[in-house]
Amino acid sequence: MGREAAFDRVSRLLTRLLRDRAGNALAMIAAAVIPLLAMAGGGIDMGRSYLAQSRIQQACDAGVLAARKKLGSQVVATGQIPTGVAETGQRMFNINFRNGAYATRNRAFQMTLESDFAISGVAKVDVPTTVMTLFGYHEMAIKVSCQSRLNFSNTDVMFVFDTTGSMAETNPGDTKPRINVMRDVVQSFHTQLEGSKTAGTRIRYGFLPYATNVNVGGLLDNSWMVDNWKYQSREQVAVGQQNGTTTYDRNWAYVSGVQSAPSQSDTYTATYHPPVAYNNPGSTTVDAHENVVVTPPSSGTYPAYYTCDRANPVGTISYQDTPGTVRTEPFPGPPAGTRSIQPHAVLVNGNNYSTALSGSNCIVSVTTYTDYRGTFERVTDPTQTTVFNWRYKQLDRNVSNWRTETNGCIEERSTYEITDYGNVNLGKALDLDIDLIPTSDDATKWRPMYPSAIYARSVKWDGSGTFTTAPQTTPDEYIAPYWLGTAPCPAAARKLQPMTSQDLTSYLGGLQPSGATYHDIGMIWGGRLLSPTGLFAADNQEVDGKPTSRHLIFLTDGVTQALDVSYGAYGLEPLDRRRWTPASSLSLSDMVEQRFGVACSEVKKRNITIWVIGFGTTLNPIMTQCAGPGHFFEAKDAGELTAAFGKIAAQLGDLRLSK
């Protein structure tokens, strides 16, 4: 076949193909499948990448939150980063986005500690493609960032601190007394909160030291205090006249011998010693009615003690007294009787020491006698004195000048003896109504304490006798809580206010351990000072429309130790019997603890979070129930107390994501 014939056949074939429309449609469909496949495959791969991005963002957030929580707030005060912070964050990230999840690869997570103690994080992962790999896109890189910080909203913190005598003790393993450790830890706590707050945030601190009672007088309005009150006291009463005599010497005359001029022998710093009830030569005790300044010498041949305000010399002197004849003469006035006058002669040899007070110095002078002879008359006069007894009773007292007369501690307002602690009548137990503002009714008001005026009728200093409510008239001395040391007044309470580190140091330095442990009065007044709806509501309101978080931190180092000889916020309890009597079914200590529980419940009703810390002691069930799970701590030493306050600080703050 020739070339012409072959060409003709090809030409006819092409013509038929050009006329065949079914072939054209197939080609068009084939061409359209390719972009449709790219669109569907891209959607599938992008969906996988979005899912991976969402999950890795959640993992990043979880990682920095866990790391910031582990970092805590103590780093602000110490500058030391706790071990395991990075490991904790990495572990939380890994749990929330496991290696290879969603067929990803090259997972990475890196955290950075910022200068403001925020923790930033960056997470990366590669997502392999499926369909899009046909078009040259083999994987998609995903990168997310996250940040967590510990912030504080407006916060009020009321510290209620046990400052009883046992706070002067040192816990095993510590080198400082408990009260010193407490000062250090609270200072660190303050640094943590102040270093973590943001601009515009208000954090305030208040303090209520407590022991047998509380010192809140300086915070109270005058109208909240009574003008008159009854105290378990005493008064002197005359019971008769007593005849006696008084003797003195007069008309001294020199006869012979040598008397040297006085010369200064020594000088001692004058020291005031309070009076006692008897004389005791050879020691620093002196007559109760003299109130003298005495200074015993450290060594030498001087007398055992000197009194710098007595006219009579005290020293070493030897003499011979030769009586003469006695003559009498009428006493010039009452009482009836005669005066006796007896001539005497004396021979003096030796040294006589005399004293005089000069400023703050006791000046001792010596005069030497050598065969010094003289004469004098010894006069004895009859006397008559009034004999007094003490009448111990409840006495009315005008207390309108209490601000200048007292130390700031108070007696509580009216209450009653509670027998059913599950059904307390706050209409009668006004002391437990922490928001009640005093009215004109004295039952709603507080009463100033006068510790030096209180006497425990009828218990003597040797421990004999029993408490008696009936008045007693006797020459006996009954126990006075003020002199017994059972009526101490702690440092003054402080209302909520911002405090600098220097302010805090100054205040904490004034806390001194003294007194017995009455937990109820601490909880009552801690709640009063913190409540937004009570006595200090005007000071405790929200500011700028921002909510305030309120916290009461109650720290004690011991169990309740109520003493019947204490003069506290409810008077001398065996005599005043306002909330307890010696015949009560509960002991005085058990009653205090039950009332603590009631006060705690009232405080929590004000939306106040309570934290309880036992420092060097085990908390009793009433205290752990008061705080609730996760809000009480037992710290046996300084390290554990620091950790407890660190946990509280972290929970006071708002741990949140900032990116």
Peer 1: Does a donor on one side chain and an acceptor on the other come within less than 3.5 Å for Ser166 and Asp557?
Peer 2: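 Looking only at side-chain atoms, Asp557 and Ser166 do form a donor-acceptor pair, the distance falling under 3.5 Å.
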
Peer 1: Can Asp441 and Thr444 be said to form a side chain to side chain donor-acceptor pair (under 3.5 Å), step by step?
Peer 2: CA-CA 6 Å; Asp441 184 356; Thr444 67; 5.7 Å; no

Peer 1: CG/Leu508 to CE/Met499 distance, rounded to the nearest 0.5 angstrom?
Peer 2: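 Result: 7.0 Å between the selected atoms.
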
Peer 1: Nearest 0.5 angstrom please: Thr164 OG1 to Ile179 CD1, how far?
Peer 2: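 Thr164 atom OG1 to Ile179 atom CD1 measures 9.0 Å (nearest 0.5 Å).
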
Peer 1: Using side chain to side chain donor-acceptor pair (under 3.5 Å), reason through Arg550 and Asn607 one step at a time and then give a plain yes or no.
Peer 2: CA-CA 7 Å; Arg550 296 180 175 87; Asn607 197 27; over 6 Å; no

Peer 1: Do Gln232 and Asp576 have side-chain N/O donor and acceptor atoms under 3.5 Å apart?
Peer 2: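 Indeed, the side chains of Gln232 and Asp576 share at least one donor-acceptor pair under 3.5 Å.
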
Peer 1: We want to know whether Arg577 and Thr469 form a side-chain donor-acceptor pair, criterion being a heavy-atom distance below 3.5 angstrom.
Peer 2: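 There is no such pair between these side chains.
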
Peer 1: Answer yes or no: is there a donor N or O on one side and an acceptor on the other, between the side chain of Ser566 and the main chain of Gly568, under 3.5 Å?
Peer 2: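 A pair under 3.5 Å: no.
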
Peer 1: Enumerate the disulfide (SG to SG under 2.5 Å) contacts for residues 544-620, please, sequence neighbours excluded, ordered by first and then second residue.
Peer 2: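 Pairs touching residues 544-620 that pass the test: Cys600-Cys626.
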
Peer 1: Atom CG in Leu426, atom CG in Leu436: separation rounded to 0.5 Å?
Peer 2: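 So the CG of Leu426 and the CG of Leu436 are separated by 9.5 Å.
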
Peer 1: Hey, is the main chain of Pro488 close enough, under 3.5 Å, to the side chain of Ser514 for a donor-acceptor pair?
Peer 2: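 Not confirmed, Ser514 side chain does not pair with Pro488 backbone.
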
Peer 1: So among Leu529, Leu530, Ile203, which one has a side chain to side chain contact (heavy atoms under 4.5 Å, CB included) with Leu496?
Peer 2: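 Output: one option passes, namely Leu530.
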
Peer 1: Kindly indicate, with the supporting measurements, whether the criterion ring pair (Phe, Tyr, Trp, His ring centres under 6.0 Å) is fulfilled by Tyr205 and Phe189.
Peer 2: CA-CA 11 Å; Tyr205 310 87; Phe189 180 83; 7.4 Å; no

Peer 1: Parallel, tilted or perpendicular, judged at 30° and 60°: which one describes the rings of Trp611 and Phe633?
Peer 2: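 Parallel.
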
Peer 1: Could you tell me whether a side-chain N or O of Ser531 sits under 3.5 Å from a main-chain N or O of Gly527, the two making a donor and an acceptor?
Peer 2: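 Between the backbone of Gly527 and the side chain of Ser531 there is no qualifying donor-acceptor contact (under 3.5 Å).
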
Peer 1: Going from CE on Met158 to CZ on Arg204, what distance comes out if it is rounded to the nearest 0.5 angstrom?
Peer 2: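 So the gap between those two atoms works out to 8.5 Å.
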
Peer 1: Might you point out which heavy atoms bring Gly558 and Thr617 nearest each other, and give the distance in Å?
Peer 2: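 Between these two residues, the closest heavy atoms are N-CG2, 3.7 Å.
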
Peer 1: Do Lys230 and Arg447 have side-chain heavy atoms sitting under 4.5 Å apart?
Peer 2: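 Sidechains of Arg447 and Lys230: no contact.
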
Peer 1: Is Ile524 close to Glu602 at the side-chain level, that is, under 4.5 Å between some pair of heavy atoms?
Peer 2: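 Glu602 does not reach Ile524 side chain to side chain.
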
Peer 1: First locate atom CD1 of Ile479, then atom CG of Asp462, and finally report the distance between them rounded to the nearest 0.5 Å.
Peer 2: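 The CD1 atom of Ile479 sits 8.5 Å away from the CG atom of Asp462.
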
Peer 1: Stepwise, does the side-chain contact (heavy atoms from CB on, under 4.5 Å) test hold for Gln502 with Thr505?
Peer 2: CA-CA 5 Å; Gln502 186 175 358; Thr505 299; 5.6 Å; no

Peer 1: Treating Thr404 as the side-chain partner and Asn401 as the backbone partner, does any N or O pair qualify as donor plus acceptor under 3.5 Å?
Peer 2: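 Side chain of Thr404 to backbone of Asn401, a donor-acceptor pair under 3.5 Å: yes, one is there.
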
Peer 1: Whether the Glu634 and Thr618 side chains hold a donor-acceptor pair (N or O, under 3.5 Å, no angle test) is what I'd like checked.
Peer 2: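 Side-chain D/A pair, Glu634 to Thr618: absent.
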
Peer 1: Please find the pair of heavy atoms, one from Val186 and one from Leu504, that lie closest to each other, and give the distance.
Peer 2: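 That would be O-CD2, 3.9 Å.
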
Peer 1: Okay, side chain of Asp174, backbone of Ala638: is any donor-acceptor separation there less than 3.5 Å?
Peer 2: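 Confirmed, Asp174 side chain pairs with Ala638 backbone.
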
Peer 1: With Glu411, which of Lys445, Arg578, Arg397 fulfils salt bridge (charged side-chain N to carboxylate O under 4.0 Å, His left out)?
Peer 2: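 Considering Lys445, Arg578, Arg397, a salt bridge (charged side-chain N to carboxylate O under 4.0 Å, His left out) with Glu411 is found only for Arg578.
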
Peer 1: Is it the case that Glu412 and Trp446 place a side-chain donor and acceptor less than 3.5 Å from each other?
Peer 2: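 A pair is found: one side chain offers a donor N or O, the other an acceptor, under 3.5 Å apart.
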
Peer 1: What I want to find out is whether Lys176 reaches Asp184 closely enough, with some N-O distance under 4.0 Å, to be called a salt bridge.
Peer 2: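 Salt bridge between Lys176 and Asp184, a charged N being under 4.0 Å from a carboxylate O: yes.
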
Peer 1: Kindly indicate whether the side chain of Phe207, heavy atoms from C-beta on, has any atom under 4.5 Å from the side chain of Leu511.
Peer 2: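 SC-SC contact between Phe207 and Leu511 ruled out.
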
Peer 1: Between Asp503 and Thr500, is there a side-chain donor-acceptor contact under 3.5 Å, judged purely by atom types and distance?
Peer 2: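 Yes - a donor-acceptor pair under 3.5 Å links their side chains.
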
Peer 1: Identify the two heavy atoms, one from Ala516 and one from Gln561, that lie closest to each other, and give their separation to 0.1 Å.
Peer 2: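 For Ala516 versus Gln561, the nearest heavy atoms are CB-O, 3.2 Å.
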
Peer 1: Starting from the C-alpha separation in whole Å, work towards a yes-or-no answer on side-chain contact (heavy atoms from CB on, under 4.5 Å) for Thr556 and Met623.
Peer 2: CA-CA 10 Å; Thr556 179; Met623 289 195 163; 4.0 Å; yes

Peer 1: When you measure from the centre of the six-membered ring of Tyr392, is the NZ or CZ of Arg457 under 6.0 Å away and within 45° of the axis?
Peer 2: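 No, a cation-pi geometry is absent between Arg457 and Tyr392.
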
Peer 1: Please check: side-chain N/O of Asp544 versus main-chain N/O of Lys546, any donor-acceptor pairing under 3.5 Å?
Peer 2: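 Between the backbone of Lys546 and the side chain of Asp544 there is no qualifying donor-acceptor contact (under 3.5 Å).
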
Peer 1: Supply the atom-to-atom distance Gln594 CD to Thr560 OG1, rounded to the nearest 0.5 angstrom.
Peer 2: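 That separation rounds to 10.5 Å.
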
Peer 1: Using atom types as modelled and distance alone, determine if a side-chain donor or acceptor of Thr609 lies under 3.5 Å from a backbone N or O of His551.
Peer 2: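 Side chain of Thr609 to backbone of His551: no pair is present.
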
Peer 1: Would you indicate whether the side-chain heavy atoms of Leu430 and Asp433 approach each other to under 4.5 Å?
Peer 2: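 They are not in contact (no side-chain heavy atoms under 4.5 Å apart), so the answer is no.
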
Peer 1: Does the side chain of Glu542 come within less than 4.5 Å of Pro547's, by heavy atoms?
Peer 2: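 They are in side-chain contact.
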
Peer 1: I would like to know whether Thr415 and Arg595 meet side chain to side chain donor-acceptor pair (under 3.5 Å); could you show each step before the answer?
Peer 2: CA-CA 11 Å; Thr415 189; Arg595 294 176 75 95; 2.8 Å; yes

Peer 1: Considering only heavy atoms from C-beta outward, does the side chain of Tyr518 approach that of Asn213 to under 4.5 Å?
Peer 2: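 The answer is no, as the side chains (C-beta and beyond) never meet within the 4.5 Å cut-off.
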
Peer 1: Please assess Thr533 against Asp435 for the test side chain to side chain donor-acceptor pair (under 3.5 Å), listing each intermediate value before the final yes or no.
Peer 2: CA-CA 6 Å; Thr533 52; Asp435 277 354; 2.6 Å; yes

Peer 1: Between Tyr478 and Arg234, is there a cation-pi geometry (under 6.0 Å to ring centre, at most 45° from the normal)?
Peer 2: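 No; the conditions do not both hold, so Arg234 does not lie above the ring face of Tyr478.
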
Peer 1: Under 3.5 Å, is there a donor-acceptor pair between the side chain of Asn215 and the main chain of Pro490?
Peer 2: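 Answer holds: yes.
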
Peer 1: Do Phe645 and Ile553 come close enough that some side-chain heavy atom pair is under 4.5 Å?
Peer 2: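 Yes. Closest side-chain heavy atoms under 4.5 Å.
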
Peer 1: Quick one: closest heavy-atom pair of Asn407 and Cys489, and the distance?
Peer 2: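 Answer, listing the atom of Asn407 first, then Cys489: ND2-CB, 3.4 Å.
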
Peer 1: When you compare the side chain of Ile648 with that of Ile613, does any pair of heavy atoms fall below 4.5 Å?
Peer 2: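 Yes, their side chains come closer than 4.5 Å.
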
Peer 1: Keeping Gln187 on the side-chain end and Ser501 on the backbone end, is there a donor-acceptor pair under 3.5 Å?
Peer 2: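 Checked: pair present.
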
Peer 1: So, for Gly509 and Gln512, which heavy atoms are closest and what is the spacing to 0.1 Å?
Peer 2: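 Where Gly509 meets Gln512 most closely, the heavy atoms are O-NE2, 3.4 Å.
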
Peer 1: Can you confirm whether Tyr482 is buried at OH, in the sense that more than 12 heavy atoms of other residues, nucleotides or ligands lie under 6.0 Å from that atom?
Peer 2: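 No - once you tally the heavy atoms of other residues, nucleotides and ligands closer than 6.0 Å, there are 12 at most.
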
Peer 1: Examine the side chains of Ser188 and Gln192 and answer whether a donor and an acceptor come within less than 3.5 Å of each other.
Peer 2: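 Yes, Gln192 and Ser188 have a side-chain donor paired with an acceptor closer than 3.5 Å.
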
Peer 1: Run through Phe632, Phe615, Trp525, Phe596 and flag the one making a ring pair (Phe, Tyr, Trp, His ring centres under 6.0 Å) with Phe554.
Peer 2: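 It is Phe596; the other options fail the test.
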
Peer 1: Counting heavy atoms not belonging to Lys636, are there more than 12 under 6.0 Å from its NZ?
Peer 2: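 No, NZ of Lys636 has 12 or fewer neighbouring heavy atoms, counting only those of other groups under 6.0 Å.
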
Peer 1: Are the side chain of Asn154 and the backbone of Arg202 linked by a donor-acceptor contact shorter than 3.5 Å?
Peer 2: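 Checked: pair present.
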
Peer 1: Regarding Ser584 and Glu417, do their side chains bring together a donor and an acceptor under 3.5 Å, going by distance alone?
Peer 2: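 Distance-only check passes for Ser584 and Glu417.
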
